[in-house]
Amino acid sequence: MIFAKDKGRMCNNMLQYGHVYAWAREHGRRAVSMRFCYKYPYFSISHSPFHNFLTYVAAKYLAKCGLLKTVTFDHPGEDTRAKEQAMLEHRHVVVAGWYVRFYDLFLKYKPDILRLFAFDAAISRKIRQYAAGASAGCDIRLGLHVRRGDYKTWNGGKYYYTDEDYAAMALGFAALHPGKRTCVFVCGNDPSLDQAAYTARLGGMRVEFARGNAAEDLCLLSLCDYIIGPPSTFSLVASMYEDKPLCWVYDKAKPLAEGDFKHFDQLFRCIE
């Protein structure tokens, strides 16, 4: 058994485990996500064999005591051959580190990964009904991912954008689709979001503000026709579900162009 010792937030955990799972499948092994054993009960994986709190506690304790080998991927682009050999030589092993990356295997087993991270039926039903009702009469659903929180300091605040900046992104998108009525779903992690700034600037569009938990917001973004936001694993995973075009805004001053939208299979190799 390979135990993925997850790191970071929910969507970081999903991507990291996806790489570990894909490698395990390729080599005839089973894998468990330690984080999804207990923390995020919103997905199919949380109800799959071995994904329970007892597994998490046992793996964590045995690794801490040195009874489970831990293989750590801490450096981007490193030669992983020795680490993969160690994973093959141990029947049970913990894999840790953000930089565990097996891109080609991830794509090979992506349909299975998507099934593992399928939303629970109650979440899917609730969000699909909400999205359909909120966007009735609109031609395009735009998911606007407002990512702030630790982005104020991460990478020097490079991707910390204001509400006015995000509203301008939505206006730039609308300019690319003249004659189309756009419904903007604003999803984010900032409790002090200035809703008035959006409704004032986006008067020609219907604006909806997500109020769900992390999984519900992720599901909502995945149902949008297009997604815009700063570089983030949250919007990346949302785009993965139904292969929706995603624009990561690296420079808020640059006018939005149709060619800025890309798909998961391209972008997941570009995580900072």
Side-chain angles (χ1 to χ4, degrees), residues 1-52 55-56 59-60 63 68-120 215 218-219 222 231-244 246 262-272:
M1 183 75 74
I2 299 176
F3 301 93
K5 185 179 178 182
D6 311 301
K7 186 175 183 179
R9 301 189 181 208
M10 183 177 77
C11 290
N12 289 32
N13 302 158
M14 294 168 78
L15 289 171
Q16 184 210 32
Y17 180 68
H19 286 284
V20 174
Y21 170 85
W23 189 93
R25 279 289 307 275
E26 185 71 5
H27 293 88
R29 305 283 293 277
R30 301 194 68 162
V32 165
S33 165
M34 292 173 66
R35 189 64 63 90
F36 284 90
C37 281
Y38 73 97
K39 191 166 186 180
Y40 305 113
Y42 312 119
F43 309 93
S44 293
I45 189 174
S46 304
H47 317 297
S48 63
F50 301 105
H51 280 87
N52 54 62
T55 298
Y56 165 74
K60 184 176 181 180
L68 273 182
K69 170 75 173 177
T70 297
V71 178
T72 304
F73 294 77
D74 275 341
H75 305 289
E78 65 180 324
D79 186 336
T80 63
R81 286 175 294 183
K83 295 184 177 183
E84 291 185 66
Q85 186 60 37
M87 291 162 65
L88 288 170
E89 290 173 353
H90 290 81
R91 183 178 178 186
H92 301 294
V93 61
V94 172
V95 173
W98 172 233
Y99 290 104
V100 54
R101 306 282 168 87
F102 302 105
Y103 293 113
D104 293 338
L105 292 178
F106 190 111
L107 294 180
K108 179 178 178 178
Y109 293 104
K110 188 168 76 167
D112 298 314
I113 294 167
L114 285 170
R115 281 191 286 271
L116 284 172
F117 289 108
F119 297 101
D120 281 351
L218 185 67
C219 184
S222 77
S232 166
T233 57
F234 195 87
S235 58
L236 179 64
V237 171
S239 75
M240 176 177 69
Y241 277 95
E242 299 190 32
D243 199 30
K244 298 299 178 64
L246 164 64
K262 303 184 185 306
H263 292 269
F264 175 87
D265 291 5
Q266 301 165 279
L267 289 173
F268 91 126
R269 298 175 186 267
C270 306
I271 302 172
E272 294 189 41

Practice problem: Sort and list the pairs that fulfil salt bridge (charged side-chain N to carboxylate O under 4.0 Å, His left out) and have at least one residue in residues 28-39, not counting sequence neighbours. | Solution: none
Quiz prompt | Closest heavy-atom pair and its distance - Ile113, Gly18 | solution = CD1-O, 3.5 Å
Practice problem: Working to the nearest 0.5 Å, report the span between SG of Cys219 and CZ of Phe43. | Solution: 9.0 Å
Practice problem: Could you list the residues that satisfy ring-ring contact (aromatic ring centres under 6.0 Å, His included) with Tyr40, not counting sequence neighbours? | Solution: Phe36
Exercise. Measure the CE-CE distance between Met240 and Met14 for me, rounded to the nearest 0.5 Å.
Key: 5.5 Å
Self-check item: By ring-ring contact (aromatic ring centres under 6.0 Å, His included) - contacts of Tyr109 (at least two apart)
Solution: none
Quiz prompt | salt bridge (charged side-chain N to carboxylate O under 4.0 Å, His left out): pairs with one or both residues in residues 95-104, sequence neighbours excluded | solution = Asp104-Arg269
Self-check item: Side-chain donor/acceptor of Lys5 to backbone N/O of Gly97, under 3.5 Å
Solution: no
Exercise. Only counting residues at least two apart or in another chain, list the ones meeting ring-ring contact (aromatic ring centres under 6.0 Å, His included) with Phe3.
Key: none
Quiz prompt | Pair Tyr56 and His51, ring centroids less than 6.0 Å apart | solution = no
Self-check item: Contacts of Asp243 that satisfy side-chain contact (heavy atoms from CB on, under 4.5 Å) - sequence neighbours left out
Solution: His263
Exercise. Not counting sequence neighbours, which residues clear salt bridge (Lys or Arg N to Asp or Glu O under 4.0 Å) with Asp120? List them please.
Key: none
Quiz item: Between CE of Met10 and CG of Leu218, what distance do you get to the nearest 0.5 Å?
Solution: 5.0 Å
Quiz item: By side-chain contact (heavy atoms from CB on, under 4.5 Å), which residues pair with Leu15, not counting sequence neighbours?
Solution: Phe106, Thr233, Leu236, Val237, Phe264, Ile271
Practice problem: Just do the side chain to side chain contact (heavy atoms under 4.5 Å, CB included) check on Phe73 and His19 with the steps written out, would you? | Solution: CA-CA 12 Å; Phe73 294 77; His19 286 284; over 6 Å; no
Quiz item: Counting N and O atoms only, with roles assigned by atom type, does the side chain of Tyr17 sit under 3.5 Å from a partner on the main chain of Ala31, one being a donor and the other an acceptor?
Solution: yes
Quiz item: NZ of Lys83: more than 12 outside heavy atoms within 6.0 angstrom?
Solution: yes
Quiz item: With sequence neighbours excluded, what pairs up with His75 under the side-chain contact (heavy atoms from CB on, under 4.5 Å) test?
Solution: Glu78
Practice problem: Kindly write out the residues that satisfy salt bridge (Lys or Arg N to Asp or Glu O under 4.0 Å) with Asp74, not counting sequence neighbours, or none if the list is empty. | Solution: none
Quiz item: What are the two closest heavy atoms between Tyr21 and Asp112, and how far apart are they?
Solution: OH-CB, 3.5 Å
Quiz item: With sequence neighbours excluded, what pairs up with Lys69 under the salt bridge (Lys or Arg N to Asp or Glu O under 4.0 Å) test?
Solution: none
Practice problem: Would you check if Phe268 and Lys110 make a side-chain contact, meaning some heavy-atom pair closer than 4.5 Å? | Solution: no
Quiz item: Side-chain donor-acceptor pair under 3.5 Å between Asn13 and Ser33, yes or no?
Solution: no
Exercise. Provide the closest heavy-atom pair for Leu68 versus Ala59 in the form atom of the first, atom of the second, distance.
Key: CD1-O, 3.9 Å
Practice problem: Using the side chain to side chain donor-acceptor pair (under 3.5 Å) rule, collect all pairs that involve residues 87-99, keeping only residues at least two apart or in two chains. | Solution: Gln85-Glu89
Practice problem: Verify side chain to side chain contact (heavy atoms under 4.5 Å, CB included) between Val100 and Trp23, making sure each step is shown before the conclusion. | Solution: CA-CA 10 Å; Val100 54; Trp23 189 93; over 6 Å; no
